[in-house]
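Down below is the structure, laid out as structure tokens.
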Protein chains: 2
Amino acid sequence: MTSSTSNFYAEENKIFVATDCIVFGFDDGELKLLIFKRRVAPHEGDWSLIGSFVKPSEDVDEAAQRVLKEITGLDNVFFEQSKTYGKADRDEGARCISVAQFALIRIDEYDRKLTEKHGAYWYKLEDLPKLVLDHDQMVTDALSKLRSRAKHQPIGFELLPEKFTIPQLQSLYEAIFQRKLDPGNFRKKVLSFEVLKKQAEKDKSASKRGAYYYMFDHEKYQNLLESGYNFEIL
Amino acid sequence: MTSSTSNFYAEENKIFVATDCIVFGFDDGELKLLIFKRRVAPHEGDWSLIGSFVKPSEDVDEAAQRVLKEITGLDNVFFEQSKTYGKADRDEGARCISVAQFALIRIDEYDRKLTEKHGAYWYKLEDLPKLVLDHDQMVTDALSKLRSRAKHQPIGFELLPEKFTIPQLQSLYEAIFQRKLDPGNFRKKVLSFEVLKKQAEKDKSASKRGAYYYMFDHEKYQNLLESGYNFEIL
DNA sequence: TCAAAAGTGTTGACAATACACCCATGG
DNA sequence: CCATGGGTGTATTGTCAACACTTTTGA
């Protein structure tokens with residue numbers, strides 16, 4: 001704060017702070033987003049991201065965790081801050097800024113009954129309905145952030161089950177970047193990082209031959225990160 | 001907001017929102033940061049980033065522009081949002097979240113008298129004093145953001161005077177990335193983008209032979225950006 | 001036995017790096 | 001005339017995309 005702001009510590013300068021979550025999931029070869037239909041005014045009946053006001057006693061990050069837990073039943077979800085939306089007129093109801101955060105969740109783990117109870121659904125990214133306020137923009141921004149992160153760090157793994165095959169991983173990256181990748185080259189690249197542990201079992205669901213399962217080696221990854229390794233995928 | 005939040009539209013849920021500016025400048029081959037010594041409580045006498053509360057009637061971005069104008073006299077400064085700091089206990093005075101934004105300014109253009117009047121000074125990045133609250137973290141984060149942006153887009157130009165030489169530009173990038181670059185390769189790379197207009201005059205201040213001035217061609221840059229060109233420097 | 005997915009190997013084009021070398025000029 | 005920084009050319013190395021090829025197995 002500048003030196004001339006002593007009069008600013010006044011109640012009338014306080015404003016609402018919200019957080020909205022852009023929740024990505026991956027299922028059936030498609031990137032999906034968790035949104036819900038508002039059941040209270042304002043904007044009753046409109047589609048919206050999941051969010052909440054931040055309480056004075058809680059961290060902004062905690063607020064996001066709280067909402068997501070409330071709706072999916074999940075703890076310990078991967079979160080990253082996307083961007084803060086601070087236009088004075090962005091919410092016609094009251095002055096309110098919103099800290100957007102994106103989450104990546106394993107779509108096989110969430111609590112279906114809980115989400116349905118809250119009127120929340122998974123939508124394919126391509127056919128999202130119009131969202132309330134500036135939430136469309138939030139999705140666009142978060143998606144581009146997800147892409148740039150996925151390009152340089154293997155965060156994509158957060159969206160897959162613990163055990164996954166290389167072709168599954170490839171299909172995820174194809175969904176994120178919306179383009180086909182060469183199977184041979186993708187495999188070589190991703191294995192060259194040496195952060196995948198090959199399992200003994202195979203997944204036979206997608207082919208007769210079957211594809212070996214792999215697991216992400218968080219420890220090895222941390223070590224490489226700290227020694228400044230550059231994980232450039234694509 | 002979730003469906004169970006109607007009671008949240010209550011005055012006691014409002015909190016203070018501030019913005020803090022990480023103001024980078026480039027001078028004398030060094031990256032510098034504009035900070036100031038607080039003259040009012042709390043933390044009187046401590047070094048701090050430049051910032052202000054966001055007024056209920058103004059955009060968060062506007063607030064940053066306002067403060068920077070107040071202290072440097074500059075309008076139309078390059079700004080980018082860095083990150084929002086939302087820990088409940090980050091400011092022991094009052095609950096207050098802060099949206100950090102970094103600015104790049106041409107150090108030859110600012111108003112010296114104005115900054116001095118406000119107790120603000122340019123510090124070399126290497127020997128910054130301890131800053132108030134979580135401002136040290138803000139600087140670290142903004143710096144890493146500056147680096148990743150500078151790597152993929154030529155935002156470095158915002159820090160140089162309108163006319164600059166290739167060696168000057170190189171020296172800026174060396175300051176940003178804290179490592180020496182090969183003059184021949186740097187020149188080739190940066191010219192290969194074809195967004196620099198060569199001028200007729202030379203800068204003779206750094207060598208007897210003199211180096212040609214260049215100017216950034218914003219128009220050409222915009223065109224290339226829109227056609228999806230990848231400006232990867234380094 | 002064959003279609004289809006998993007996985008391996010090879011190649012050529014191109015980009016990054018290191019570095020040798022010429023240029024211009026003020027002192 | 002030479003030290004110094006500006007600027008150009010080139011050889012080597014490494015990386016990436018394309019694609020041919022082999023393996024496996026259920027239907």
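Per chain, numbering begins at 1; letters A, B, ... match sequence-line order. In what follows, every heavy atom counts, from backbone to side chain, and hydrogens, waters and symmetry copies are set aside.
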- First and last nt of DNA chain C near chain B, cut-off under 4.0 Å to heavy atoms, 5' to 3', are C:dA16 to C:dG26

More than 12 foreign heavy atoms under 6.0 Å from [atom1] of [X]: is that the case here?
{"X": "A:Gln137", "atom1": "CD", "value": "yes"}
{"X": "B:Glu232", "atom1": "CD", "value": "yes"}
{"X": "B:Tyr212", "atom1": "OH", "value": "no"}

- Query: Taking CG from A:Leu181 and C1' from D:dA17, how many angstroms apart are they, rounded to a whole number?
  - Reply: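 My rounded result for the distance is 11 Å.
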
- Message: Measure OH/B:Tyr213 against C1'/D:dG7 and give the value in whole Å, please.
- Response: 17 Å

Check whether any side-chain N or O of [X] sits under 3.5 Å from a backbone N or O of [Y] as a donor-acceptor pair, and report yes or no.
{"X": "B:Lys145", "Y": "B:Ser82", "result": "yes"}
{"X": "A:Asp20", "Y": "A:Ala100", "result": "no"}
{"X": "B:Gln178", "Y": "B:Ala175", "result": "yes"}
{"X": "B:Asp182", "Y": "B:Gly184", "result": "yes"}
{"X": "B:Arg106", "Y": "B:Leu159", "result": "no"}
{"X": "B:Asp203", "Y": "B:Ser205", "result": "yes"}

- Difference in axis direction between the ends of the helix from C:dT1-D:dA27 to C:dG27-D:dC1, five pairs, 10°: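 One end axis against the other gives 10°.
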
- Side-chain touch A:Lys151/A:Phe177, heavy atoms, less than 4.5 angstrom: yes

- Task: Let me have a per-nucleotide readout for nucleotides 18-27 of chain D, 5' to 3', with B, S or -, counting only protein heavy atoms under 4.0 Å.
- Result: BB---BBBB-

- Lys/Arg cation over aromatic A:Tyr85: A:Lys83, 6.0 Å, 45° cone: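 Yes, A:Lys83 lies over the aromatic ring of A:Tyr85.
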
- Message: Tell me whether the side-chain N/O atoms of B:Arg187 come closer than 4.0 Å to OP1 or OP2 in D:dT8.
- Response: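 B:Arg187 to D:dT8 OP1/OP2: side-chain N or O found under 4.0 Å.
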
- Item | Which residues share a side-chain hydrogen bond (donor to acceptor under 3.5 Å, both in side chains) with A:Trp47, sequence neighbours left out | none

- Item | Qualifying residues under side-chain hydrogen bond (donor to acceptor under 3.5 Å, both in side chains), relative to B:Lys124, sequence neighbours excluded |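 B:Lys124 satisfies side-chain hydrogen bond (donor to acceptor under 3.5 Å, both in side chains) with no other residue.
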
- Item | Strand-adjacent residues in residues 166-175 of chain B, judged by heavy atoms under 4.0 Å from DNA chain D | B:Pro167

